[in-house]
Amino acid sequence: MKDIPPRYNPKDHEESIYSKWENSGLFHQETDSSKKPFTVAIPPPNITGILHMGHALNNTLQDILIRWKRMQGNASLWVPGTDHAGIATQNVVERSLREKGVTRQMLGREKFVDEVWKWREEYGNTIIMQLKRLGASCDWERTRFTMDKGLSEAVLEAFVRLYDKGLIYRGNYIINWCTRCQTALSDEEAPHKDVEGKLYYILYPFKESAEGVVVATTRPETMLGDVAVAVNPKDRRYKKLIGKKLILPIIGKEIEIIADDFVDKKFGTGAVKVTPAHDSNDFEMSKRHGLEPVKIMRPDGKMNENSVRFNGLDRFEARRLIVAELEEKKLLVKIEKHEHAVGHCYRCNTVIEPYLSLQWFVKMKPLAEPAIEAVKSGKIKFYPKRWTKVYLNWMENIKDWCISRQIWWGHRLPVYYCKKCDAVIVSKIKPDKCASCNSGDIYQDEDVLDTWFSSWLWPFSTLGWPEKTKDLEYFYPTSVLVTAPEILFFWVARMIMSGEEFIKEIPFSDVYIHGTVRDASGKKMSKSFGNVIDPLDIIDGFGADALRFSIVSITATGQDVFLSKDKFEIGRNFANKIWNASRFVLMNVGAQEHKSTRAQVKDLSIADRWILSRLNRTIEEATRALKNYRFNEAEGLIYDFFWHDFCDWYVEMVKPQITGERIGDGAQRAEEILIDVLENSLKLLHPFMPFVTEAIWQNIKERESIMVAVWPEADKHYIDKKIESDMEIAKDIIVNIRNIRSDMNIPHSKKIIVNLVPLKQGAGSVLADSMGYVKNLAQLDEIAIKDAGFKKPKSSLSAITENFNIFIPLEGVIDVEAEKARLAKKQDLLKQQLVFAERKLKDRNFMDHAPENVVKAEQEKAAKIREQIDRLGTTMKDL
RNA sequence: GGGCGGUUGGCGCAGCCUGGUUAGCGCGCCACGUUGACAUCGUGGAGGUCACUGGUUCGAGUCCAGUACCGCCCACCA
């Protein structure tokens with residue numbers, strides 16, 4: 001047979017195997033009416049992204065499903081692609097321009113966008129290349145990008161349809177404003193973080209007297225934009241003050257005390273300053289009371305002309321100075337420490353400013369209804385199902401979605417305005433003239449859409465929508481979405497809404513949500529923490545299969561994953577084990593043609609029947625686990641079977657037949673079964689460890705790829721509980737004998753004799769078939785089953801199992817007298833230890849003063865020593 | 001404020017959905033081993049009152065209720 005090195009070196013195989021796969025076209029999937037489709041749309045990574053462990057986990061799981069289904073004979077399609085990631089990408093390109101001393105404003109919109117495209121040509125496919133190293137079997141011919149022509153078309157179509165339905169509107173509202181990115185953000189893009197802040201109590205004096213009302217605020221600088229002070233109408237303290245006038249400090253403006261139910265009597269002083277342009281509650285209040293908002297800040301976070309002498313100062317600097325000024329004027333009553341949640345930009349972590357601004361929104365309630373129903377009715381299922389509640393809770397409290405962004409990289413809103421009459425025209429293409437006044441002076445809205453406005457169309461836009469394509473017809477809805485919990489609201493929920501809205505059909509029936517990848521201490525892996533384990537380093541050092549296997553092995557359904565580098569040794573070692581077990585099989589039996597016809601069950605040995613039972617049980621259970629997205633369970637079952645059943649036991653059992661004398665026709669059958677079990681194991685392993693299984697497969701069958709081998713089906717009549725438990729009896733005896741050998745230091749080369757006395761009716765005949773294996777694996781000279789009257793021979797050790805009493809005469813095997821002496825010496829030593837321990841336990845001083853647990857430990861120690869002494873005593877008597 | 005997850009040998013985790021042999025796995029530890037697949041290995045061993053309290057049950061690591069600690073997510077009390 002071929003020369004197979006005794007170590008699996010991933011570097012020798014991965015690259016060539018992957019390019020073979022790519023060239024073979026096996027990743028590509030066309031519509032095929034003879035097959036059932038299985039479709040997965042990749043969560044498109046950002047073009048700025050580089051592969052991290054989260055991606056590695058996410059894509060490994062998808063690849064497992066895709067490869068498994070492909071082997072099961074489905075038309076298995078994995079649609080890959082990338083996301084243009086508006087703000088993130090714009091930031092990255094701006095940063096690299098800045099290094100050359102260029103700002104985007106210097107370039108102007110058009111040139112800047114050109115720069116971004118150039119950047120994306122150069123770096124935007126990095127992550128795609130990295131996915132290939134992981135072994136991802138995506139249909140690369142179908143790679144999509146959210147800014148592609150087709151997908152952009154889908155975005156415009158979606159916008160126009162929603163607008164025509166009245167589900168998109170424009171308006172002045174308080175939105176989340178990032179002063180660094182200088183754009184509006186959706187609520188999801190401005191996650192709240194707990195911050196240790198301060199609560200400032202400020203006196204607003206009455207118009208007529210130095211007395212006044214104290215208000216509490218966390219953002220004192222916003223007082224410059226105050227238009228009122230509000231109290232709860234039921235608050236006795238303030239009831240009679242309602243309608244009175246106050247003088248707004250610093251500004252000197254007159255403001256009124258108003259009454260509003262929103263105000264919480266118990267918080268702060270029960271009086272709240274009203275700043276409609278910089279707080280959403282205040283904005284709502286101002287609408288109720290007909291108050292005009294006053295903006296005091298510019299988009300860059302600096303104070304504006306309404307801020308009198310603070311004009312031009314940064315908001316936090318202004319805060320500091322205003323507090324100082326209030327203190328000086330004795331208007332600052334007190335400052336309290338105050339922990340509260342503050343929004344932060346999800347891209348740059350800048351503190352979000354609630355900001356009054358004219359933006360575009362999607363009305364979400366009508367879209368949410370069918371999406372809620374889809375999950376409630378069970379049409380869409382979450383795995384694990386606890387996410388259902390999280391999803392429903394969010395959907396039922398959904399708020400309108402701010403979709404306009406004040407950046408340049410992205411899909412420009414298909415909205416046009418007439419310069420002459422201010423008419424708003426929403427259209428996929430620029431209209432020639434205004435529909436209402438016929439003017440040709442028309443310009444397009446400057447804003448672009450939220451990145452997620454294109455991603456939410458992903459499951460169908462990638463299949464050609466809005467065109468009615470064959471692909472869409474055949475592959476949609478997709479089968480399962482595999483994703484991380486972080487983007488449940490951003491993406492998963494919105495895709496369900498868009499699917500229902502635009503296709504009238506759910507985008508996927510299953511949502512598998514895996515855990516977050518964290519480091520060993522539980523922190524999220526991120527570049528800024530410096531705790532990143534680079535998947536490519538792991539692939540270089542351990543191999544892609546090792547990375548895949550290990551990351552799945554430590555992923556219980558939906559649990560977070562705690563990673564450290566040494567975990568990848570599990571996968572590397574296993575890949576090597578697979579390689580070497582295969583090497584053994586191929587070197588010994590590979591030369592002959594594998595016959596698929598199996599011998600009749602009755603002709604098989606007990607070992608053969610046992611391994612076939614275990615194999616078929618494993619096939620059955622692993623397949624069921626995969627069906628339920630229990631990846632680590634499936635993998636664990638296959639691992640245990642392959643390593644602990646096949647390698648540890650079966651291979652060892654048949655070794656003498658294979659490598660030795662080849663007695664009888666058992667050898668031939670064992671060879672057939674060896675290769676059969678090996679092939680089936682490789683198939684089971686392939687979705688998890690594609691490279692090593694393919695490398696071995698190519699050694700067995702030169703042409704065909706294991707990718708398209710048929711996934712094994714469990715043949716139930718091989719599954720035999722009786723055989724399995726019979727084998728356990730034999731294994732138990734072997735382990736007990738080995739145990740005695742180990743205890744007595746009997747070398748492997750020393751053959752011994754064993755007598756078995758059955759303890760149960762029929763135990764002897766059950767064992768009859770496996771006597772040979774016991775003899776062989778326990779290195780025995782002779783093994784005999786004796787009857788119940790059998791007398792324990794002199795100088796022998798015994799062990800009791802459930803079914804047998806095992807006697808091993810040791811006369812002539814070891815020097816009995818010397819062994820007795822050795823054990824006696826050991827016993828003496830223990831006895832001495834016991835004396836010390838007991839002395840301690842009788843020591844008044846110790847017993848009275850030592851802590852309870854120490855005393856207990858001491859007692860346990862003594863008990864253990866006593867037990868050991870007894871055991872040695874029995875052994876010595878037996879000898 | 002609401003919701004969710006975790007707590008199992010020295011360490012990292014399965015097992016809980018579907019209650020029932022002796023609670024598994026990997027690492028680490030101890031002893032032995034170069035028996036022609038594999039030292040990225042083999043054989044054997046030590047090590048666990050399954051966080052706590054109560055309940056359901058013939059039987060609970062597994063189901064129910066509560067407590068404690070750790071972690072995550074959501075939320076406009078300024």
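In this text the structure is predicted, and so the values were computed from the model without any measurement. By convention in this document, chain letters (A, B, ...) are assigned in the order of the sequence lines, proteins followed by strands, and residues within each chain are numbered from 1.
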Report summary line: Assert: residue with more 5' nearest nucleotide on RNA chain B, out of A:H338 and A:S742, is A:S742
Query raised in the report: Of all the nucleotides listed (B:G3, B:G44, B:C76), which has the minimum atom distance to the side chain of A:F262?
Result: B:C76
Query raised in the report: Taking the side chain of A:K385 as heavy atoms from C-beta outward, which of B:C17, B:C76, B:A75 is closest to it?
Result: B:C17
Query raised in the report: Roughly how many Å is it from CG in A:D264 to P in B:G1, rounded to a whole number?
Result: 14 Å
Query - Atom pair distance, as rounded to whole Å: OH in A:Y650 and C1' in B:G42 - result: 20 Å
Query raised in the report: Please give, in whole Å, the distance from B:C73 P to A:H192 NE2?
Result: 13 Å
Requested in this report: Mind calculating the distance between CZ (A:R822) and P (B:A31) to the nearest angstrom?
Outcome: 14 Å
Report task. Provide the Watson-Crick or G-U wobble partner of B:C29, both distances under 3.5 Å; none if there is no partner. Result -> B:G45
Query raised in the report: Which residue, A:N576 or A:R219, contacts RNA chain B at a nucleotide closer to its 5' end, judged by nearest heavy atom?
Result: A:N576
Query raised in the report: Closest to the A:F489 side chain: B:C38, B:A78, B:C74?
Result: B:C74
Query raised in the report: Any side-chain N or O of A:R630 under 4.0 Å from OP1/OP2 of B:C16?
Result: yes
Report task. Determine yes or no for a side-chain-to-main-chain donor-acceptor pair under 3.5 angstrom, with A:D226 supplying the side chain and A:K273 the backbone. Result -> no
Query raised in the report: Charged N to carboxylate O under 4.0 angstrom, A:E724 versus A:K721?
Result: no
